[in-house]
Protein chains: 2
Amino acid sequence: MNAATPRAPAVRPEAASLGTRERIVRTTSRLMQRQGYEATGIKQISQQANVALSSVYHFFPSGKQELATEAVRHADQEFADIMREALATEADPAEAMIAVTQVLAEYLHNSDWLDGCPITATALETAGRILDIQRAAAEAFEHWRALVAEKLRHTDIAEDDILDLAHTVINTLEGAELAAQVSKSAEPLEIAGRHLARLINSYR
Amino acid sequence: MNAATPRAPAVRPEAASLGTRERIVRTTSRLMQRQGYEATGIKQISQQANVALSSVYHFFPSGKQELATEAVRHADQEFADIMREALATEADPAEAMIAVTQVLAEYLHNSDWLDGCPITATALETAGRILDIQRAAAEAFEHWRALVAEKLRHTDIAEDDILDLAHTVINTLEGAELAAQVSKSAEPLEIAGRHLARLINSYR
DNA sequence: GTCTATACCCCGATAGAC
DNA sequence: GTCTATCGGGGTATAGAC
């Protein structure tokens with residue numbers, strides 16, 4: 001017999017003020033952030049979102065994969081907003097990296113180390129198996145990279161170097177969030193922020 | 001109706017020469033690497049491993065979580081062997097980073113971009129929900145960091161800096177593998193190798 | 001230790017009234 | 001668009017013979 005798996009801090013039910021479709025997508029996005037794709041059930045979604053099961057299928061007739069793809073796109077935008085805002089708090093791009101890691105660490109800590117990157121778990125579970133979701137995840141990473149590259153263009157670093165740096169900034173943030181989550185510690189993110197700033201400064 | 005999800009390159013059935021228990025653990029590890037924890041079923045494991053379902057429960061009486069925890073520990077050792085070997089191919093620690101990324105890129109490419117880090121998907125799916133697995137994953141990351149730190153001690157970088165660098169090396173590799181898998185391209189890993197070498201060299 | 005058979009549950013998805 | 005009810009299948013886990 002399995003031990004009961006404790007449910008950590010409740011995902012807050014989405015306010016009924018939002019449209020039904022919006023509530024479904026947001027709830028799915030949150031659940032997939034914490035549990036991944038496979039562990040997130042349509043029934044669980046409909047309950048958390050305060051929506052009838054049939055409504056989920058009304059808005060997403062072809063089912064779970066279609067809904068999950070949309071949820072990844074939603075998470076893409078949401079995480080981009082967080083990054084954009086954090087990047088804007090510091091004029092200097094190297095300093096801005098530290099600001100980003102601080103914001104991500106806050107989200108993690110405030111959620112008891114549950115709310116990391118909203119799409120990583122889903123992306124890995126579905127890589128090579130559910131192509132629509134994989135494509136949406138790839139587009140999200142591209143999107144976030146573009147935000148970093150844009151910030152780096154406020155320096156005189158060569159364009160080729162900027163594009164490479166944008167890759168490593170996002171990838172290092174991803175890895176550091178993973179490590180922070182698993183170890184329940186902000187330290188990997190703090191170190192990542194300092195190292196990314198140092199790496200960027202080494203190009204100018 | 002769901003579209004049929006294509007099954008990519010078959011996981012090769014484990015040779016019957018291994019002991020039953022070993023075959024079960026290895027097969028579980030491989031499947032979790034590609035699909036994560038939730039999508040990997042005990043029946044699927046028993047079939048791929050050429051083992052009776054009851055044998056799985058004979059060796060792992062408390063079920064899937066116990067088996068998955070053991071599989072993560074196995075993957076820990078296996079990935080450590082790969083890293084150790086790759087690190088040993090170059091005397092210079094900075095150059096060794098590039099060697100590691102090349103090896104990881106080969107594994108990914110040869111598996112049609114399926115075989116990335118063997119524990120990341122599982123770690124994220126179970127973070128905060130299945131504590132035994134989370135702990136095993138945390139130990140694996142520590143283990144791999146220790147290998148990198150050991151390599152970096154062949155320089156005269158200060159010990160504190162070495163420990164920080166080991167964090168970022170592993171985390172950047174993790175993020176780059178994720179990106180490589182999702183985008184089906186070795187580029188994120190190649191860039192990561194160059195940047196990690198540069199970062200290390202900036203400390204000496 | 002491995003065999004066959006099965007209990008029990010929850011999954012995704014659907015039907016049809018309203 | 002939302003309701004209730006349900007189908008078919010696959011999940012984990014178990015029983016008991018051998």
Side-chain angles (χ1 to χ4, degrees), chain A residues 1-5 7 13-14 16-28 31-32 34-72 122 125-126 129-130 132-133, chain B residues 1-7 13-28 31-32 34-71 121-122 125-126 129-130 132-133:
Chain A
M1 182 59 66
N2 282 330
T5 50
R7 290 285 152 184
E14 289 294 339
S17 60
L18 290 169
T20 302
R21 197 192 135 99
E22 258 308 280
R23 277 212 312 287
I24 294 170
V25 172
R26 287 189 192 216
T27 302
T28 306
L31 288 171
M32 286 185 2
R34 296 187 169 195
Q35 307 175 339
Y37 173 78
E38 294 288 345
T40 299
I42 309 262
K43 283 174 185 167
Q44 185 185 20
I45 292 167
S46 72
Q47 284 162 11
Q48 292 268 1
N50 281 308
V51 157
L53 177 63
S54 60
S55 298
V56 177
Y57 285 97
H58 172 75
F59 288 106
F60 302 93
S62 57
K64 187 177 178 179
Q65 297 188 3
E66 183 189 6
L67 170 53
T69 306
E70 182 86 3
V72 169
T122 298
E125 284 178 289
T126 62
R129 300 194 301 134
I130 305 175
D132 287 349
I133 299 179
Chain B
M1 181 61 66
N2 282 331
T5 50
R7 289 283 153 187
E14 289 294 338
S17 61
L18 289 170
T20 302
R21 198 192 135 99
E22 255 313 275
R23 276 211 314 287
I24 294 170
V25 172
R26 286 188 193 218
T27 302
T28 305
L31 287 171
M32 286 186 0
R34 295 187 170 196
Q35 307 176 338
Y37 172 77
E38 294 287 347
T40 298
I42 309 261
K43 282 176 183 166
Q44 184 184 20
I45 292 166
S46 72
Q47 284 161 11
Q48 292 268 2
N50 280 307
V51 157
L53 178 63
S54 60
S55 298
V56 177
Y57 284 97
H58 173 73
F59 288 107
F60 302 94
S62 58
K64 187 178 177 177
Q65 297 187 4
E66 183 188 7
L67 171 53
T69 306
E70 182 85 3
T122 299
E125 284 178 289
T126 62
R129 299 194 302 134
I130 305 177
D132 287 349
I133 299 179

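By convention in this document, chain letters (A, B, ...) are assigned in the order of the sequence lines, proteins followed by strands, and residues within each chain are numbered from 1. What you are looking at is a predicted structure, and each value in this text was computed from that prediction instead of being measured.
- One can place CD of A:Glu38 at 14 Å from P of D:dG10, the figure rounded to the nearest angstrom.
- Note: OH (B:Tyr37) to C1' (D:dG11) measures 12 Å, nearest angstrom.
- Residue A:Ile24 contributes atom CD1, which lies 14 Å from atom P of C:dG12 at whole-angstrom precision.
- The side chain of B:Thr20 sits closest to C:dT2 out of D:dT2, C:dT2, C:dG12.
- Cation-pi check for A:Lys64 over A:Tyr37 is met; the charged atom lies under 6.0 angstrom from the ring centroid and within 45 degrees of its normal.
- Counting non-hydrogen atoms under 4.0 angstrom, B:Ser46 reaches nothing in the nucleic acid.
- Map A:Val51 and B:Ile42 each onto its nearest nucleotide of DNA chain D; the residue landing nearer the 5' end is A:Val51.
- Inspection of the B:Gln35 and B:Thr40 side chains reveals an N or O donor paired with an N or O acceptor under 3.5 Å.
- Remark on DNA chain D: of its neighbouring residues A:Lys43 and A:Ala52, the 5'-side contact belongs to A:Ala52, judged by nearest-heavy-atom nucleotide.
- What separates CZ of B:Phe59 from C1' of D:dA13 is a distance of 18 Å, to the nearest Å.
- A salt bridge links A:Arg21 with A:Glu70: the closest approach of a Lys/Arg side-chain nitrogen to an acidic carboxylate oxygen falls below 4.0 angstrom.
- Listed candidates were D:dT14, C:dC11, D:dT2. Nearest to the side chain of B:Tyr57 is D:dT14.
- Counting to the nearest Å, the P atom of D:dA13 and the CZ atom of B:Phe60 are 13 Å from each other.
- Side-chain atoms of B:Thr27 never come within 3.5 Å of backbone atoms of B:Ile24 as a donor-acceptor pair (strictly under, hydrogens ignored).
- Put simply, CD on B:Glu22 is 17 Å from C1' on C:dG1, counting in whole angstrom units.
- Comment: A:Glu125 does not engage B:Arg34 in a salt bridge, judged by the lack of any side-chain N to carboxylate O separation of less than 4.0 angstrom.
- Note on A:Ser54: every side-chain N or O is 4.0 Å or more away from OP1 and OP2 of D:dG1.
- With rounding to whole Å, A:Leu53 atom CG is found 17 Å from C:dG16 atom P.
- Comparing C:dG12, D:dT2, D:dT12 by their nearest atom to the side chain of B:Lys64 picks out D:dT12.
- Between A:Glu66 atom CD and C:dG12 atom P the separation is 15 Å, expressed in whole Å.
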